Amino acid sequence: MTATRTDESNVTYQFKGEDHTLGNSLRYMLMKNPDVEFAGYTVPHPSEPYMNLRVQTLEGVNADKTVKEALTNISDVCEHVLKTYNRAVRAHNEKK
């Protein structure tokens, strides 16, 4: 991941090897944060392995911290989904 910044609250990140799956999830989690004014992503071209993410936060709020928090939130959601799925599979198998 590389980052281009005008200041700590206006940053564009470039993720290599990522696409709409991470881009849309990050945008969604970032926009749930009241300190984030704007979050958007682009995948320049399907044949290029890059996803660009633009984040603008309120003045004085560090964009890097909001992105890390959003990534942690995505990971937490994935963990919850996996645990819930595994519980449902076990319950189904016990009924057999």
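Quick note: residue numbers are just sequence positions, from 1. All values derive from a computational prediction rather than experimental measurement.
- Note that CG of L22 is 5.5 Å distant from CD1 of I74, once rounded to the nearest 0.5 Å.
- Grouping Ile, Leu, Val, Met, Phe, Trp and Tyr residues whose side-chain heavy atoms lie under 4.5 Å apart, directly or via other members, places L58 in a hydrophobic cluster with V61.
- For T21, the side-chain hydrogen bond (donor to acceptor under 3.5 Å, both in side chains) criterion is met by D19, not counting sequence neighbours.
- Taking the side-chain hydrogen bond (donor to acceptor under 3.5 Å, both in side chains) definition, one finds that N73 meets it with nothing, sequence neighbours left out.
- Applying the ring pair (Phe, Tyr, Trp, His ring centres under 6.0 Å) test to Y41 and every residue at least two apart in sequence or in another chain returns H20.
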Decide yes or no on side-chain contact (heavy atoms from CB on, under 4.5 Å) for L26 and F15, but give the supporting numbers first. CA-CA 12 Å; L26 262 175; F15 293 83; 4.0 Å; yes
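- By the criterion of side-chain heavy atoms lying less than 4.5 angstrom apart, applied directly or through intervening Ile, Leu, Val, Met, Phe, Trp or Tyr residues, L53 is not grouped with F38; the two fall into different hydrophobic clusters.
- A heavy-atom distance below 4.5 Å is not found between the side chains of T57 and L30.
- Annotation: side chain to side chain donor-acceptor pair (under 3.5 Å) contacts involving residues 22-40, sequence neighbours excluded, comprise N24-R27.
- For E48, the side chain to side chain contact (heavy atoms under 4.5 Å, CB included) partners at least two apart in sequence or on another chain are P44, H45, Y50.
- For M51 against E18, the heavy-atom pair with the smallest separation is CB-O, 3.6 Å.
- Looking at residues two or more places apart in sequence or on another chain, you find no side-chain hydrogen bond (donor to acceptor under 3.5 Å, both in side chains) involving T66.
- Applying the salt bridge (charged side-chain N to carboxylate O under 4.0 Å, His left out) rule to pairs touching residues 60-87 yields R5-D64, sequence neighbours excluded.
- For the atom pair R54 CZ and T42 OG1, the distance stands at 11.5 Å (nearest 0.5 Å).
- Evaluation of the side chain to side chain contact (heavy atoms under 4.5 Å, CB included) rule for V89 yields Y85, N93 as partners, not counting sequence neighbours.
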